Amino acid sequence: MNIPRPEYPRPQMARPVWTNLNGQWEFDFDFSDSGKARGLAQAEHLNGSILVPFCPESRLSGIGFTDFIPAVWYKRRFNAAQADLNGRLLLHFGAVDYECEVWVNGKTVGSHQGGYTPFTLDITEAAVPGENLLTVYARDDVRSMRQPRGKQSSELHSHGCDYTRTTGIWQTVWLEPVPSTYIADYRVTPDYRNGKITIEAEIKGCPEGLMLTADASLEGRPAGRVSVKAAPHVFLELPLSLIDLWEPGHPSLYDLTLSLSGGDRVTGYFGLRGIEVQDGAVLLNGKPIFQRLVLDQGFYPDGIYTAPSDDALKADILRCQDLGFNGARLHQKVFEPRFLYWADKLGYLCWGEYASWGIDITRPEALAVFLPQWLESVKRDFNHPSIIGWCPFNETNVGYDCQTAKDTVRTVYQMTKLTDPSRLVIDASGYVHTGQTDLYDVHDYEQDPAVMAEHYARTEQGESFENFPQWGKWDGKLPLFVSEYGGTWWCPGVQGGWGYGETPQTEEEVCRRYCGLTEVLLDNPKICAFCYTQPYDIEQEQNGLFRYDRTPKFSPEIYRRIRETNLRPAAIEAR
């Protein structure tokens, strides 16, 4: 059987023995959200079918239903060997949007809230040797204002900068047998100045009397080994005998193996690099770097949130690198781990963001909903060297004079810094800031390069364009990041749609506008990064450098000039 998305979904913590549960599942809509009362959790069969891991709104799922879907049900059968149940049998979900409950053989085995983060269920006690029945229920309400939805439309149809929704399973589901004592998680903190890493590992079971060993290698050459007595939470410091730093253009990666003397073994990798702020510049490995980013929203015409293939994830990065971009804001979505894998491999800088739109942060309960989900995403992606910063919120201007909203954003910023002090954090991208942020960023969709230059003409005197200066002005000291700009509307021959500014008359005019705006930002010694909106069109938003299906919108000559402009030296890099 041809299994969609067959690659191992979690490249930072891989095991050799696993079972991919993607493929055809039984499926049913639950428009009244009454399935539990009707006994669907214990039912043997459902009425329809779906191709997992694609959401029912997508064409690749085989359904393509794009109206609101309050709840859905899934069932499939899997086989378990007796050997699988001698230790522990883990069931992993990459992501299920939004709330999920799971049964095995009619017995509940767990639940999860949050549509963007993974969860693991230990199903050992519910599974039996031979055939087992897996049932999944998911409910989703993007209109509630009580759950993060990102760019999923809260209106009937895709409109403006909100697009087709995703409901239910949208990332890989897999089974993994492990020993009774096993490595549940680990995180790596690199220290490039001292040539070492620190590993924090979590071990489930009874690790007494066992040893945990970490082995690092670089291109097949041993680079370090350390062993310590195992514990439920254990720290290892691993000095490296071979030093090779990770950076764009040279994405050196070390292989890492963690093994328990009791038998469990996981493999991953890490990059040796450091990110920090100094004198208004962002430094990578101690050197100023200008971030030439795109606003990548992670949508696909046939899979919606889910890329049709692993190659499609890689191609999205290569396409942008070919135009001279060195990274992306991963906008209003937690991207698949395989995207970050390719970013790590290809040397592509990323800002991790959460799908904050849709939750009303003026509500006191918003923090209790948002914070655990956001920190789950930080935890999931901690080991990826391509992630250089975090941005939990985007454009939180509505009701921002509300003290509850300010407290929520500040608390999330503070908790993010406590969870990960090794990276930069922007409290809320664009519009407003709380006074606690590592970078000051703005969203500036001015289309005239001359006017854009006026916006930043006095940065040397500590003055800059600000979206809402009454809610937090730039202090002249923090790195200044134009984290959204451009968005030029260009899609000849297509009726409807929208973009920023008046539509240019020719592609030459598009190119002059792009190059002029970008040069303003590159040439300003106070600006540390730009982020262009956007690499490709999405549904009615027609402002991409490529079409939604990733085919070219411009001639090779236009792309050549865009690349040349992006690769110009930036003023801040000359320090």
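Just so it is clear, the structure is predicted and the values come from calculations on it, not from any experiment.
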Enquirer: Between atom CD of Gln12 and atom CG of Asp381, what is the distance when rounded to the nearest 0.5 Å?
Expert: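 That separation rounds to 9.0 Å.
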Enquirer: For Ala14, is there any backbone N or O sitting under 3.5 Å from a side-chain donor or acceptor partner on Trp18?
Expert: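 No, Trp18 side chain to Ala14 backbone: no donor-acceptor pair under 3.5 Å.
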Enquirer: Check each of Leu330, Ile387, Leu439 against Trp351 using the side chain to side chain contact (heavy atoms under 4.5 Å, CB included) test, and report the only one that passes.
Expert: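 Checked Leu330, Ile387, Leu439 against Trp351; only one passes side chain to side chain contact (heavy atoms under 4.5 Å, CB included): Leu439.
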Enquirer: Between Leu293 and Asn326, is there a side-chain heavy-atom distance shorter than 4.5 Å?
Expert: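 Yes - at least one pair of side-chain heavy atoms lies under 4.5 Å apart.
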Enquirer: Grab the two heavy atoms, one from Cys100 and one from Val136, that are nearest each other, plus how far apart they are.
Expert: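 Answer, listing the atom of Cys100 first, then Val136: SG-CG1, 3.7 Å.
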Enquirer: In sequence, state the C-alpha distance, the side-chain angles, and the governing distance for Gln332 and Asp162, and then conclude on side chain to side chain contact (heavy atoms under 4.5 Å, CB included).
Expert: CA-CA 11 Å; Gln332 283 297 291; Asp162 281 347; over 6 Å; no
Enquirer: Determine whether Tyr300 and Leu313 make a side-chain contact, defined as any pair of heavy atoms from C-beta on separated by less than 4.5 Å.
Expert: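 In short, these two side chains touch, coming nearer than 4.5 Å.
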Enquirer: To the nearest 0.5 Å, how far apart are CD1 in Ile50 and NZ in Lys75?
Expert: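 One finds 15.0 Å between CD1 of Ile50 and NZ of Lys75.
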Enquirer: Just by distance, do the side chain of Ser377 and the backbone of Trp374 share a donor-acceptor pair under 3.5 Å?
Expert: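 Yes; judged by distance alone, with no hydrogens or angles, the pair exists.
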Enquirer: Apply ring-ring contact (aromatic ring centres under 6.0 Å, His included) to Tyr485 and list each qualifying residue two or more places apart in sequence or on a separate chain.
Expert: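 Per chain and number, Tyr485 pairs via ring-ring contact (aromatic ring centres under 6.0 Å, His included) with Phe530, Tyr532.
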Enquirer: Taking Gln152 for its side chain and Thr166 for its backbone only, find out whether a donor-acceptor pair lies under 3.5 Å.
Expert: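 Yes; at least one donor-acceptor contact below 3.5 Å.
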Enquirer: Report the distance from atom CZ of Arg338 to atom OG1 of Thr172, rounding to the nearest 0.5 Å.
Expert: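 If we round to the nearest 0.5 Å, Arg338:CZ and Thr172:OG1 are 9.5 Å apart.
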Enquirer: Once the angle between the rings of Phe546 and Tyr559 is folded into 0 to 90°, is it parallel (under 30°), tilted (30 to 60°) or perpendicular (over 60°)?
Expert: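 Parallel: the ring planes of Phe546 and Tyr559 meet at under 30°.
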Enquirer: Within the structure provided, determine whether Leu51 and Gln24 are in side-chain contact (heavy-atom separation under 4.5 Å).
Expert: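 Leu51 vs Gln24: side chains touch.
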Enquirer: Parallel, tilted or perpendicular for Tyr500 and Tyr445, by the 30°/60° rule?
Expert: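 Geometry flag for Tyr445 against Tyr500: parallel rings.
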Enquirer: Asp316 and Tyr348: side-chain donor and acceptor closer than 3.5 Å?
Expert: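 Side chains of Asp316 and Tyr348: no pair found under 3.5 Å.
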Enquirer: Would you call the rings of His112 and Phe119 parallel, tilted or perpendicular if under 30° counts as parallel and over 60° as perpendicular?
Expert: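 Answer is parallel, since the angle falls under 30°.
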Enquirer: Can you name the nearest heavy-atom pair linking Ser58 to Asp302, along with the distance?
Expert: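 Closest approach of Ser58 to Asp302, heavy atoms only: CB-O, 3.3 Å.
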Enquirer: Taking the six-membered ring for Trp and the single ring otherwise, decide whether the centroids of Tyr341 and Tyr8 are under 6.0 Å apart.
Expert: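 When the ring centroids of Tyr341 and Tyr8 are compared, they turn out to be at least 6.0 Å apart.
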Enquirer: Any idea how Trp73 and Trp103 line up, ring-wise: parallel (<30°), tilted (30 to 60°), or perpendicular (>60°)?
Expert: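 If you compare the ring of Trp73 with that of Trp103, the planes turn out parallel.
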Enquirer: Determine whether Phe481 and Cys531 make a side-chain contact, defined as any pair of heavy atoms from C-beta on separated by less than 4.5 Å.
Expert: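 Yes. Closest side-chain heavy atoms under 4.5 Å.
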Enquirer: Apply the test side chain to side chain contact (heavy atoms under 4.5 Å, CB included) to residues Ile123 and Leu175: give CA-CA distance (whole Å), side-chain angles for both, the deciding distance (0.1 Å), then the verdict.
Expert: CA-CA 10 Å; Ile123 64 170; Leu175 286 169; 3.8 Å; yes
Enquirer: Between the side chain of Glu541 and the main-chain N/O of Gln534, is any donor-acceptor distance below 3.5 Å?
Expert: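 Checked: no pair found.
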Enquirer: Assign the ring pair Trp174 / His92 to parallel, tilted or perpendicular, where the plane angle (0 to 90°) is split at 30° and 60°.
Expert: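 Rings of Trp174 and His92: parallel, under 30°.
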Enquirer: Quick one: does Thr396's side chain get under 4.5 Å of Ile361's, heavy atoms only?
Expert: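 Counting from C-beta outward, Thr396 and Ile361 do come under 4.5 Å.
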Enquirer: Please tell me whether Ser429 and Asp441 have a donor and an acceptor in their side chains that are separated by less than 3.5 angstrom.
Expert: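 Yes, because at least one side-chain N or O of Ser429 sits under 3.5 Å from a partner of the opposite role on Asp441.
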Enquirer: NZ of Lys417: more than 12 outside heavy atoms within 6.0 angstrom?
Expert: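 Check passes, neighbour count above 12.
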Enquirer: Checking side-chain hydrogen bond (donor to acceptor under 3.5 Å, both in side chains) for the pair Ser309/Asp311: CA distance, chi angles, key distance, verdict?
Expert: CA-CA 5 Å; Ser309 68; Asp311 286 342; 5.1 Å; no
Enquirer: As a test of understanding, state which of Phe27, Phe93, Tyr137, Phe29 forms a ring-ring contact (aromatic ring centres under 6.0 Å, His included) with Tyr74.
Expert: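 Per the ring-ring contact (aromatic ring centres under 6.0 Å, His included) rule, the option paired with Tyr74 is Phe27, out of Phe27, Phe93, Tyr137, Phe29.
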Enquirer: Would you say Thr551's side chain and Arg547's backbone share a donor-acceptor pair under 3.5 angstrom?
Expert: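 Absent.
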Enquirer: If you compare all heavy atoms of Pro118 against all heavy atoms of Glu376, which two are closest, and at what distance to 0.1 Å?
Expert: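 Looking at all heavy atoms of both residues, the closest pair is O-OE1, 4.3 Å.
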Enquirer: Are the side chains of Leu40 and Leu46 in touch, meaning some heavy atoms are under 4.5 Å apart?
Expert: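 Yes, close enough: below the 4.5 Å cut-off.
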Enquirer: Considering residues at least two apart in sequence or located in another chain, which fulfil the side-chain hydrogen bond (donor to acceptor under 3.5 Å, both in side chains) criterion with Gln414?
Expert: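 Here the qualifying residues are Gln436.
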Enquirer: Could you give me the CA-CA distance, side-chain angles and deciding distance for Val52 and Arg76, then say whether side chain to side chain contact (heavy atoms under 4.5 Å, CB included) is met?
Expert: CA-CA 10 Å; Val52 170; Arg76 73 151 292 163; over 6 Å; no
Enquirer: If only atom types and distance count, is the side chain of Arg139 paired as donor or acceptor with the main-chain N or O of Asp33 below 3.5 Å?
Expert: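 No; zero donor-acceptor contacts below 3.5 Å.
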Enquirer: Could you walk me through whether Tyr305 and Tyr116 satisfy the ring pair (Phe, Tyr, Trp, His ring centres under 6.0 Å) test, starting with their C-alpha distance in whole Å, then the side-chain angles of each, then the deciding distance to 0.1 Å, before giving a yes or no?
Expert: CA-CA 10 Å; Tyr305 260 4; Tyr116 296 89; 5.7 Å; yes
Enquirer: Between Lys204 and Asp122, is any pair of side-chain heavy atoms under 4.5 Å apart?
Expert: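 They are not in side-chain contact.
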Enquirer: Using the ring of Tyr182 (Phe, Tyr or Trp, six-membered ring only), decide whether Arg88 places NZ or CZ under 6.0 Å from its centre and within 45 degrees of its axis.
Expert: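 No - Arg88 does not lie over the ring of Tyr182 by the 6.0 Å and 45° rule.
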Enquirer: Is there a donor-acceptor pair closer than 3.5 Å between any side-chain N or O of Arg363 and the backbone N or O of Ala366?
Expert: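 No.
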Enquirer: Taking atom NE2 as the centre, does His157 end up with more than 12 heavy-atom neighbours from other residues, nucleotides or ligands that are less than 6.0 angstrom away?
Expert: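 No - once you tally the heavy atoms of other residues, nucleotides and ligands closer than 6.0 Å, there are 12 at most.
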Enquirer: Take Leu367 and Val412 through the side chain to side chain contact (heavy atoms under 4.5 Å, CB included) test and state the conclusion after the steps.
Expert: CA-CA 8 Å; Leu367 180 63; Val412 172; 3.8 Å; yes
Enquirer: Could you measure the distance from the CG atom of Asp97 to the CD1 atom of Ile304? Nearest 0.5 Å is fine.
Expert: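 Nearest 0.5 Å value for the CG-CD1 distance: 12.5 Å.
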Enquirer: Would you say Glu539's side chain and Thr164's backbone share a donor-acceptor pair under 3.5 angstrom?
Expert: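 Between the backbone of Thr164 and the side chain of Glu539 there is a qualifying donor-acceptor contact (under 3.5 Å).
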Enquirer: For residues Gln447 and Thr488, is any side-chain donor paired with an opposing acceptor at under 3.5 Å?
Expert: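 A donor-acceptor contact under 3.5 Å links the two side chains.
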Enquirer: When you measure from the side chain of Asp322 to the backbone of Arg319, do you find a donor-acceptor pair of N or O atoms at a distance under 3.5 Å?
Expert: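 No, because the side chain of Asp322 does not come within donor-acceptor range (under 3.5 Å) of the backbone of Arg319.
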Enquirer: Of the non-hydrogen atoms in Asp296 and Gly298, which two are nearest, and what is the gap between them?
Expert: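 Closest approach of Asp296 to Gly298: OD1-N, 3.0 Å.
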Enquirer: Does Asn394 offer a backbone N or O that forms a donor-acceptor pair with the side chain of Glu353 under 3.5 Å?
Expert: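 No, the answer is negative, given that no donor and acceptor are paired below the 3.5 Å cut-off.
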Enquirer: Does the pair Glu57 and Thr167 meet the rule for a side-chain hydrogen bond (donor to acceptor under 3.5 Å, both in side chains), with working shown?
Expert: CA-CA 7 Å; Glu57 291 89 348; Thr167 301; 2.6 Å; yes
Enquirer: Between the side chains of Asp140 and Gln147, is a donor N or O closer than 3.5 angstrom to an acceptor N or O?
Expert: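 A pair is found: one side chain offers a donor N or O, the other an acceptor, under 3.5 Å apart.
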Enquirer: Does atom CD of Glu502 have more than 12 heavy-atom neighbours from other groups under 6.0 Å away?
Expert: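 Count not over threshold, so no.
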Enquirer: Salt bridge between Glu484 and Arg329, side-chain N to carboxylate O under 4.0 Å?
Expert: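 Looking at Arg329 together with Glu484, the answer is yes, because their closest N to O distance falls below 4.0 Å.
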Enquirer: Once rounded to the nearest 0.5 Å, what's the spacing between atom CG of Leu323 and atom CZ of Arg292?
Expert: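 Interatomic distance, Leu323 CG to Arg292 CZ, rounded to 0.5 Å: 13.5 Å.
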Enquirer: Calculate, to the nearest 0.5 Å, the distance between atoms CZ and NE2 belonging to Phe335 and His384 respectively.
Expert: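 Between atom CZ of Phe335 and atom NE2 of His384 there are 13.0 Å.
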Enquirer: Check whether more than 12 heavy atoms from other residues, nucleotides or ligands sit under 6.0 Å from atom NZ of Lys379, and answer yes or no.
Expert: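 No - once you tally the heavy atoms of other residues, nucleotides and ligands closer than 6.0 Å, there are 12 at most.
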